[in-house]
Amino acid sequence: MKDSHGRTIDYMRISITDRCNLRCKYCMPEDIPSIPHEKILRFEEILHICRLAGELGIRKFKVTGGEPLVRKGCLAFLKNLKELPATEQVTLTTNGTLLSGHLPELKKIGLDGINISLDTLNEQTFERITGRPEFSRVMDSVVACQASGIRTKVNSVLLQDINKNEFLSLVHLARDYQVDVRFIEIMPIGSGRQYRGCSRQELLSMLSETYPDYVQVHEHRGNGPAAYIYLPGFKGCIGFIDAIHGKFCSTCNRVRLTSDGLLKLCLYYENGIDLCSMLRSGHSDSSILAAMERAILKKPEEHQFHFTALEGPAEERRMSQIGG
Ligand code: SAM
Ligand code: SF4
């Protein structure tokens with residue numbers, strides 16, 4: 001469906017859990033309390049919402065978390081989501097620690113793509129950022145995932161003074177493997193407020209010192225807001241998702257469902273509709289559908305992250321609770 005700003009909304013990010021087996025500094029503090037199990041949507045409830053979302057024209061789903069693969073039953077859920085009548089695409093965003101053993105099953109399900117988050121190729125820096133010594137498992141997953149034939153993207157968040165110096169090594173993953181590598185600008189949400197990230201401009205000027213002949217990719221690649229470039233001879237492309245410096249709200253196509261059932265219309269704003277309460281208090285499908293439709297129509301025109309430093313953030317949830 002279209003929202004009141006004329007944008008086609010056809011994509012939903014679904015966080016199936018707020019729990020995670022890593023503790024990336026900018027995402028999730030060590031001691032964060034988890035949402036009680038009974039408040040987390042059951043898979044049948046998520047599928048129910050997705051079926052209704054399909055009726056509104058939402059056809060592409062990204063399953064995320066926390067870490068989606070820590071939730072028992074994640075693979076069966078992905079299969080069921082893929083089989084809903086309106087579904088065109090199901091993709092997964094994961095930290096990669098638990099992925100490699102599941103790849104044959106994910107391939108069988110027909111998963112349309114996997115994004116693996118990896119911010120560094122250095123074991124020590126990996127442990128410094130994520131708090132866990134899991135670098136080799138994640139790297140093995142990247143290699144196995146692209147070899148499996150499932151479309152693979154690596155997502156990296158670069159932080160000043162921590163891993164910015166690894167930019168080129170991460171770029172080279174797209175030279176050596178069949179992967180797109182995307183650099184996500186850190187957003188001032190949760191612990192992310194304490195770090196300074198890198199804009200696309202800064203990264204492109206670093207890149208052009210080594211690769212002055214990079215080429216802008218004009219055709220659309222994927223469902224998201226990434227702007228891509230291509231480096232001659234590379235197997236994959238390099239993407240930039242700079243939500244702050246390169247605001248892309250005018251082409252935003254997405255809504256988010258948190259693990260406790262809030263339909264969130266914009267990453268920046270805290271509000272949304274509490275679909276969990278509606279489902280559990282016995283609202284009919286038609287009234288839930290009408291509420292979803294009204295909410296999507298009123299999707300905010302744009303985020304206001306650039307005001308965050310002055311006014312304080314509008315969203316108090318952490319990225320691990322929202323799903324990125
Ligand atoms: N655990 C999975 C993973 O790491 O891919 C899925 C959830 S994680 C919240 C999704 C993405 O959000 C990751 O790529 C992570 O780097 C990114 N992320 C977390 N906090 C962020 C922030 N403050 N700004 C920008 N991206 C962030
Ligand atoms: Fe976990 Fe992903 Fe957040 Fe890292 S970015 S703490 S892997 S949810």
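Atoms within a ligand are numbered from 1 in the order they appear, just like the ligands themselves. Treat the numbers as computed from the prediction; the structure is a model and nothing was measured.
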A.B. asks: Taking atom CG of L159 and atom CG of N165, what is their separation to the nearest 0.5 Å?
C.D. replies: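 With rounding to 0.5 Å, CG (L159) is 11.0 Å from CG (N165).
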
A.B. asks: Is the shortest distance from a heavy atom of G66 to ligand 2 less than 4.0 Å?
C.D. replies: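 G66 counts as a contact of ligand 2 under the 4.0 Å cut-off.
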
A.B. asks: Considering the heavy atoms of M28, write down every atom of ligand 2 situated less than 4.0 Å from one of them.
C.D. replies: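 Answer, ordered by atom number: 6 (S).
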
A.B. asks: Tell me which protein heavy atom sits closest to atom 3 (Fe) of ligand 2, plus the residue, atom name and distance to 0.1 Å.
C.D. replies: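 Looking only at protein heavy atoms, the one closest to atom 3 (Fe) of ligand 2 is C27 SG, 2.4 Å.
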
A.B. asks: Quick check for you: to the nearest 0.5 Å, what is the distance between I186 atom CD1 and L158 atom CG?
C.D. replies: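 So the gap between those two atoms works out to 10.0 Å.
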
A.B. asks: Can you see whether K2 engages T8 through a side-chain donor-acceptor pair at a distance of less than 3.5 angstrom?
C.D. replies: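 Yes.
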
A.B. asks: Closer than 3.5 angstrom, by distance alone: can the side chain of K153 be matched with the main-chain N or O of V181 as a donor-acceptor pair?
C.D. replies: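 Side chain of K153 to backbone of V181, a donor-acceptor pair under 3.5 Å: no, none is there.
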
A.B. asks: Please state which protein non-hydrogen atom is closest to atom 6 (S) of ligand 2 and give its distance, to 0.1 Å?
C.D. replies: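 So the nearest neighbour among protein heavy atoms is C24 N, 3.2 Å.
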
A.B. asks: Quick one: which of D260, T258, T17 gives a side-chain contact (heavy atoms from CB on, under 4.5 Å) with I35?
C.D. replies: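 It is D260; the other options fail the test.
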
A.B. asks: Let me check your reading of the structure: within less than 2.8 Å of atom 4 (Fe) of ligand 2, is there an N/O/S atom from C20?
C.D. replies: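 Checking atom 4 (Fe) of ligand 2 against C20, no N, O or S atom falls under 2.8 Å.
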
A.B. asks: List by chain and number: which residues place a heavy atom under 4.0 Å from ligand 1?
C.D. replies: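 Contacts of ligand 1 under 4.0 Å: Y26, C27, T64, G65, G66, E67, T93, T94, N95, S117, V157, I184, E185, I186, M187, I189, G192, M319, G323, G324.
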
A.B. asks: Does the pair E55/R51 count as a salt bridge with the N-to-O cut at 4.0 Å?
C.D. replies: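 Salt bridge: no.
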
A.B. asks: Would you please test Y230 and D213 for side chain to side chain donor-acceptor pair (under 3.5 Å) and show each step?
C.D. replies: CA-CA 9 Å; Y230 170 72; D213 51 350; over 6 Å; no

A.B. asks: Regarding R175 and the six-membered ring of Y211, is the cationic atom NZ or CZ under 6.0 Å from the ring centre and inside 45° of its axis?
C.D. replies: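 Checked: cation-pi criterion not met.
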
